[in-house]
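Hydrogens, waters and symmetry mates are skipped; everything else that's a heavy atom, side chains included, is used. Numbering starts at 1 and runs along the sequence shown.
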Amino acid sequence: MTTRRQLRKACSLEAVASPENLWVASLKARRGKSRRSDVEDWWRRRESAILRLSRDLLSGAWTPGPYRFFEIHQPKRRWIAAAPFEDRVVHHALCRLIQPLLERRFLARSYSCQIGKGTTAARECCRRLTNRHRYVLKCDVSKFFHQIDHAILLDKLAREIGCSGVLDLCGRVLASFRTVDDPPPHLFPGDDWTDAAARPRGLPIGNLTSQLWGNYHLDALDHRLAEREGHGAYLRYTDDFLLFGDDKARLRELRSVVVEELAAVRLKLAEPKSRLLATREGVPFCGFLFRPGVRPRILGATKRRFERRRDGLVREDAPMPQRREHVFAWYQFSREANSEGLRRAYARPRRLQISQCAEAPPAEHRTL
């Protein structure tokens, strides 16, 4: 097993900027985007581009390019910042070296942005904990990615990364994006509005580094709850986390601990979403509703999103491969829950419509 010291030694600027590492990173960045014009243009001159990029990274001349912004509405309205393809190559090259180092600190019940620890594994853990406990404290961080403070995050990274060149590269990636006015900065006791607004903050939703750094940013909270507070019935998926227990008073005490730990990194709980629930009422998590002793069900908001997407594809007369892709994705998601009846209900109206059209007489033979 590779030790932390070996990982720190391997995480150097020379390793990040090596042509071999950049080549593997370019293959990962190209996956699923090979037909984009900018990707094709870069790929035609990939040998010279990789060598030039390696020289720029080693000399410190590399600077991130401008982001391309676009809006998505699923699962909710968000602005996505897409970096240029060459910047995404750098992000992959950087994460290949720092991810093993940061993941060593993650607890077993910290999910997201890790192989084998996606939404399916997180839901299974939530199901087990729901069956064992009577109450749950559901917490969600308010505007998590938009409110991450650059100075605090960079200071945390410096505790794990020993190479100054890699830290400088992380700082340049961080500085390439900044939340300006929306949402406004969180204010804490003793804060001045002008100083709080001047602090650089925000990670772009769309960067590979944002997912990894966002998960690492709350790692101290995981260790505080699990080690100092001795609360093992805990589960976190990025900024959405659950604390299970059988004592409501203890869970309220832990909520104060969570608020204190988040304030240390200039974050706050989203009050409407953060609440104490009885597990028999249902625990909403990752699109499902969990109850003790039964299979989870799909949340109503998740079903409505699929219905809107399905109706939109029909209205736009989308090609069959695109429809098949969306339906298959829904099937893969919904089969984890008790959704056999729901899938039959979605399929039945379509079959009835087809049969009615087949049995209906031609238009010229209909009587008014």
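A donor atom on one side chain and an acceptor atom on the other are found under 3.5 Å apart for Arg343 and Ser339. Side chains of Ser176 and Tyr67: a donor on one and an acceptor on the other come within 3.5 Å. Donor-acceptor pairing under 3.5 Å is lacking for the side chains of Gln147 and Ser142.
By the 4.0 Å N-to-carboxylate-O rule, Arg255 lies close enough to Glu271 to be salt-bridged with it. A salt bridge links Arg52 with Glu86: the closest approach of a Lys/Arg side-chain nitrogen to an acidic carboxylate oxygen falls below 4.0 angstrom. Ion pairing between Arg127 and Glu124 holds under the 4.0 Å rule for side-chain N and carboxylate O. Using a 4.0 Å cut-off between charged nitrogen and carboxylate oxygen, Asp317 and Arg323 count as a salt-bridge pair.
The structure places CZ of Arg104 at 6.0 Å from CG of Leu7, a figure rounded to the nearest 0.5 Å. Residue Arg201 holds its CZ atom at 9.5 Å from CZ of Phe177, rounded to the nearest 0.5 Å. Distance check, rounded to the nearest 0.5 Å: CD of Glu340 to OG of Ser334 gives 8.5 Å. Here Ser164 contributes atom OG and Leu169 contributes atom CG; the two are 11.5 Å apart, rounded to the nearest 0.5 Å.
Pairing each heavy atom of Leu187 with each of Lys268, the nearest pair is O-NZ, 3.0 Å.
Counting heavy-atom neighbours within 6.0 Å of Arg172 CZ, excluding the residue itself, gives a total above 12. The number of heavy atoms from other shown groups lying within 6.0 Å of NZ (Lys143) does not exceed 12. At most 12 heavy atoms of other shown residues, nucleotides or ligands fall within 6.0 angstrom of atom CZ in Arg35.
Here the side chain of Ser54 pairs no donor or acceptor atom with the backbone of Ile50 at under 3.5 angstrom. With hydrogens and angles disregarded, a donor-acceptor distance shorter than 3.5 Å links the side chain of Asp192 to the backbone of Thr194. The main-chain N or O of Ala25 is never found under 3.5 Å from a side-chain atom of Arg96 such that the two would form a donor-acceptor pair. At distances below 3.5 Å, not a single donor-acceptor pair connects side-chain atoms of His91 with backbone N or O atoms of Val173. No donor-acceptor pair closer than 3.5 Å links the side chain of Arg297 to the backbone N or O of Arg291. The main-chain N or O of Gly202 is found under 3.5 Å from a side-chain atom of His150 such that the two form a donor-acceptor pair.
Applying the salt bridge (Lys or Arg N to Asp or Glu O under 4.0 Å) test to residues at least two apart or on different chains, the pairs with a partner in residues 223-243 are Lys138-Asp240, Asp222-Arg236, Arg224-Glu229, Arg224-Glu260, Arg224-Glu261, Glu229-Arg250.
Using a 4.5 Å cut-off between side-chain heavy atoms of Ile, Leu, Val, Met, Phe, Trp and Tyr, Val327 forms no hydrophobic cluster with any other residue.
By the 4.5 Å heavy-atom criterion applied to side chains, Val258 and Leu225 are counted as neighbours.
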